[in-house]
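The structure under discussion appears below in the form of structure tokens.
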Protein chains: 2
Amino acid sequence: MEFSKENFSEWYNEVVESAGLVDKRYPVKGMHIWRPYGWKIMMNIDNYFREIFTEHGHEEVNFPLLVPETEFKKEAEHIRGFEDEVFWVTHGGLDPLDVKMLLRPTSETAMYPMFSLWIRSHADLPLKIFQIVNIFRYETKQTRTFIRMREVHFFEAHTAHRTFEEAEAHIQEDIKIWKKIAKKLALPYRIVKKADWDKFPGAIYSLGVETVMPSGRTLQIATFHQYGQNFSKPYNIQYLNEDGEHEYVYQTTFGMSERLLGAVVGLHGDDRGLIIPPEIAPIQVVIVPIVTKKKQEVIKESKLIEQEVRDAQIRVHLDDRDNYTPGYKFYDWELRGVPLRLEIGPRDMDKRQVVLVRRDTREKLMVSRDEYIVKIKELLANIQDALYRRAEEEMSERIKNIDNIENVKEHNGVSAVPWCGSDDCGHAIEELTEKKIVGSPIELGEKKRCIICGKETEKIAFVAKPY
Amino acid sequence: MEFSKENFSEWYNEVVESAGLVDKRYPVKGMHIWRPYGWKIMMNIDNYFREIFTEHGHEEVNFPLLVPETEFKKEAEHIRGFEDEVFWVTHGGLDPLDVKMLLRPTSETAMYPMFSLWIRSHADLPLKIFQIVNIFRYETKQTRTFIRMREVHFFEAHTAHRTFEEAEAHIQEDIKIWKKIAKKLALPYRIVKKADWDKFPGAIYSLGVETVMPSGRTLQIATFHQYGQNFSKPYNIQYLNEDGEHEYVYQTTFGMSERLLGAVVGLHGDDRGLIIPPEIAPIQVVIVPIVTKKKQEVIKESKLIEQEVRDAQIRVHLDDRDNYTPGYKFYDWELRGVPLRLEIGPRDMDKRQVVLVRRDTREKLMVSRDEYIVKIKELLANIQDALYRRAEEEMSERIKNIDNIENVKEHNGVSAVPWCGSDDCGHAIEELTEKKIVGSPIELGEKKRCIICGKETEKIAFVAKPY
């Protein structure tokens, strides 16, 4: 395989398959097979979700996939937002169903009828649950691995609170959780508030976590939605407050998906293939024996090293395949993005050393067998940091302050433009630039003049081509 | 809640909800919500699957849910076996789909088109993969939690081999894996070969793992299928053998589902509720502080104990809820089936002891703080064994050698009857007893005469009412 990250789209489409993450040949558009290596990375991410959300007081549940049309249609905006993009189940066996059902595109309408049964009094609040499931959307646009799929591996947290303020405070806590996830995945990002016409169907407002891919296009990798009472009213989710009165709850959600893996692939890879951040890598260290001579001794030593590394709680794999050269193995594991390679040959054995090679910088170190475990841990931590810093730097370069429509059109990345915040000027920006407002950073900028109407404003719009 | 296991069906239906495993109020027949406690048990089982199948050289994949009708229809018997019981997706958004798709009832027809791409030469064999997904069946019979559902949490391993003999050997290995799983879940069982008219659609033969519930009805909790070349021919799964010739592969599958949890519930519970085998219990030890006096000291000590138990890698929960009496807490955790309770009160503190109470026998032990961790580990292992032994004993009593049709009809359990093995006599047994042949034990019995035709036979049929 020869590819260059210069042609990002081609590189991305190829690397997800050649590195063994997925097989795209499944005969349904927008649905792929997760191969073992890709699935392991996704499982590592899922397991971290479980750990961190449990720590923050959420409980994991699992709701059915199918939602009856009758439940789905209770919240008007929500149904309008989704009706063109859901799959419908209409038949069971050879018979038409009495009530047709849809494959969840997200689980509000499956969960909230149950919330109305579960929540009785203020003592039941806050309710904080999450689930990890696949969701389905009938995408008509071009599909792309991890980024725009018809079957999507999905994480969704749903909460219910006594007051709007508690729901607001919860979104702040979600942002803290997000920061930990971003660190684990070494992902740079900006948090924006979505424009009113672009918020989640049924939400009061939506926050998006956006990153910028090497193509210059933005990718939304997480969302936080404030629902207020927009769902609790149609789904009748009430609680008895301390004064003995019934009140509707206030709700939020936090959503993420396999797009996170898309961002990891896009932001960290290079011309040689993937670079998986050590924290989520299924294999953190791959051992390649250099068996030009003394084969048996080297293999024996490699197995000893494998055991020592494993005992140190490091995820390790010994590549003792017989029919491949070390050179081929280097190439193969670089493609798969294993963060650290350990080479051991007869000469290294004589010197009681191992050779460590970083995937990110390709730096090579000879390390004594007395301290190699400590050194591996140090290097894995360094690689994790370095990946984040490099990605953050590169991403920042793709975001530019621009206050002229022509330059926005030309800039291949995110233009941060002064915007008064009005719908009219917002739509004008989108029409004139042929791009989208992906949202507004929550922090205000300096006083400038709206790029359309010239009104003074501290508000900024991120204008870009989103995936 | 008051219930008695005497009325098994009622007891079962109630305990799965009151112990917090599922909520059955979801508005679609045969689909339930997994609540946090139930989902944790299922996840513990899933994670054990991952561990044991990885150990045995299988890799985990994840295939799409939707199967195009065109792929599904390639194996004639398979489609006949399933066409009445699949859900059909016919529309995307408001438009009818060009090719309608079904929700997988099992994944042969999703996977095997890919096998034909993945398998090229003998070096690619054996191929051993598994996945853990939900499957969907349009059940028209009465549904029952974990036992007969329309959405089913499912495990499926699929393998491909060079020869029939290798596939046969693999099924023997699967049986070894099953034995480890049965031990982990403390489940007694018998392995039978399914009657020819009852095998999996498309299989050469099927083995079923059957257990007998307290109701006397059998429950099939795992299956092994030998497909031979029945799927590899229609799906064109060929490999190049060492002589350079193309041959069709030989295939097997191994399936299990949430029925395993149904068996755990049914075989181990009692009038007080569930009893979860320690190996899969989300909470192995629950600490209940007895805070009649010296509340602060007791709570502080409880937290210390909690930490010590957790540090010993035991899954522990401290129930420090303020507004419940110890008596209520005992009742609550017994209902949920936590295998061991640890009580600590002011008097125990004075004596430097804790009180341990077994869930299965309700035996109470005072144990010194110097050795309580060792004792807990010992007790958990004892409980695991005792549960298995008790369940095996009770199950054996439900299986009786009977050679008279009237007695088969009357026996509330499994009748082991002499059967010549012919289809005619088999169907006659089923008609006359109004029961089913759930299969034949692989080991032959003594020479007896077929209950129908009187021919001499060593073959036995297990005749029962299956779930």
Side-chain angles (χ1 to χ4, degrees), chain A residues 23 25-28 30-40 42-43 50 59-68 70-71 82-95 97 99-103 110-111 113-114 117-118 123 129 131 133-134 136 138-140 150-151 153 323, chain B residues 23 25-28 30-40 42-43 50 59-68 70-71 82-95 97 99-103 110-111 113-114 117-118 123 129 131 133-134 136 138-140 150-151 153 323:
Chain A
D23 191 318
R25 292 173 292 177
Y26 192 74
V28 180
M31 300 186 182
H32 59 215
I33 293 119
W34 289 84
R35 297 186 61 197
Y37 189 62
W39 191 241
K40 264 185 211 140
M42 197 67 237
M43 291 277 116
R50 294 197 163 100
E59 290 193 298
E60 186 172 0
V61 296
N62 198 263
F63 271 74
L65 166 69
L66 298 176
V67 183
T70 41
E71 294 300 332
F82 280 106
E83 69 183 341
D84 289 348
E85 55 173 74
V86 293
F87 285 101
W88 288 101
V89 176
T90 58
H91 287 70
L94 305 169
D95 307 323
L97 299 173
V99 176
K100 62 179 183 171
M101 298 190 282
L102 54 91
L103 306 187
M111 288 181 171
M114 300 309 301
L117 300 172
W118 291 348
I129 62 167
Q131 70 178 9
V133 294
N134 285 9
F136 295 82
Y138 181 63
E139 290 287 351
T140 46
R150 288 183 166 187
E151 177 167 11
H153 192 64
N323 39 347
Chain B
D23 191 316
R25 293 173 291 177
Y26 192 74
V28 179
M31 299 186 182
H32 59 215
I33 293 118
W34 288 85
R35 297 186 63 197
Y37 189 62
W39 191 240
K40 265 185 210 139
M42 197 67 237
M43 291 278 118
R50 294 197 163 99
E59 291 195 295
E60 186 173 0
V61 296
N62 198 262
F63 270 73
L65 166 69
L66 298 176
V67 182
T70 41
E71 295 300 332
F82 280 108
E83 70 183 341
D84 288 348
E85 55 173 74
V86 291
F87 286 101
W88 287 101
V89 176
T90 57
H91 287 69
L94 305 170
D95 307 323
L97 299 174
V99 176
K100 63 181 185 169
M101 297 189 284
L102 55 92
L103 307 187
M111 288 181 171
M114 300 309 301
L117 299 172
W118 290 349
I129 62 168
Q131 69 177 9
V133 295
N134 286 7
F136 296 82
Y138 181 64
E139 290 288 352
T140 46
R150 289 183 164 186
E151 178 167 11
H153 191 65
N323 38 348

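Reminder, nothing fancy here: chain letters follow the sequence lines and each chain counts from 1. The figures that follow rest on heavy atoms only: side chains count, while hydrogens, waters and symmetry mates do not.
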Please flag which part of B:Phe82 lies under 4.5 Å from any non-hydrogen atom of chain A: side chain, backbone, both or neither.
-> neither
Bottom line for A:Arg50: the part with an atom under 4.5 Å from chain B's heavy atoms is side chain
Toward chain B, the part of A:Met42 with a non-hydrogen atom under 4.5 Å | neither
Can you tell which of A:Asp23, A:Val99, A:Leu94 has the highest number of heavy-atom pairs within less than 4.5 Å of chain B?
-> A:Asp23
Measuring heavy-atom distances to chain A, does B:Leu102 have an atom under 4.5 Å in its side chain, in its backbone, in both, or in neither?
-> neither
Residue pair A:Val89, B:Phe136: steps toward the side-chain contact (heavy atoms from CB on, under 4.5 Å) verdict = CA-CA 12 Å; A:Val89 176; B:Phe136 296 82; over 6 Å; no
Contact winner vs chain B - A:Gly92, A:Pro64, A:Gly38, heavy-atom pairs under 4.5 Å = A:Pro64
Hey, does the side chain of A:Glu60 reach the backbone of B:Trp39 with a donor-acceptor pair shorter than 3.5 angstrom?
-> no
B:Met43 portion near chain A, given a 4.5 angstrom heavy-atom threshold = side chain
Atom group of B:Pro113 that falls short of 4.5 Å from chain A, counting heavy atoms = neither
Give, for atom CZ of A:Arg25 and atom CG of B:Leu117, the distance between the pair rounded to the nearest 0.5 Å.
-> 4.5 Å
So what's closer than 4.5 Å to chain B heavy atoms on A:Val86: side chain, backbone, both or neither?
-> backbone
So, the part of B:Met114 with a heavy atom under 4.5 Å from chain A: the answer is side chain
For side-chain contact (heavy atoms from CB on, under 4.5 Å), just list the numbers for A:Asn62 and B:Asn134, CA-CA rounded to whole Å, side-chain angles, deciding distance to a tenth of an Å, and then say yes or no.
-> CA-CA 11 Å; A:Asn62 198 263; B:Asn134 286 7; 4.1 Å; yes
Rounded to the nearest 0.5 Å, how far apart are CZ of A:Phe63 and NE2 of B:His32?
-> 11.5 Å
When rounded to the nearest 0.5 angstrom, what is the spacing between CG in B:Leu66 and OH in A:Tyr26?
-> 7.0 Å
By a 4.5 Å heavy-atom criterion (distance strictly below it), what part of B:Ile129 contacts chain A: side chain, backbone, both, or neither?
-> neither
Considering only heavy atoms and a distance below 4.5 Å, find which of B:Pro27, B:Ala110, B:Gly93 pairs most often with chain A.
-> B:Gly93
Given A:Lys100, A:Glu83, A:Arg150, A:His153, the one with more heavy-atom pairs under 4.5 angstrom with chain B than any other is A:Glu83
Side chain, backbone, both or neither: which part of B:Met111 has a non-hydrogen atom closer than 4.5 Å to chain A?
-> neither
Can you find a heavy atom in the side chain of A:Trp118 that is under 4.5 Å from one in the side chain of B:Ile33?
-> yes
With a 4.5 angstrom heavy-atom cut-off, could you sort out which part of B:Gln131 is near chain A: side chain, backbone, both or neither?
-> neither
Check each atom of B:Val133 against the heavy atoms of chain A and say whether the ones under 4.5 Å are side chain, backbone, both or neither.
-> neither
The interface call for B:Asp84 against chain A, heavy-atom contacts under 4.5 Å, is both
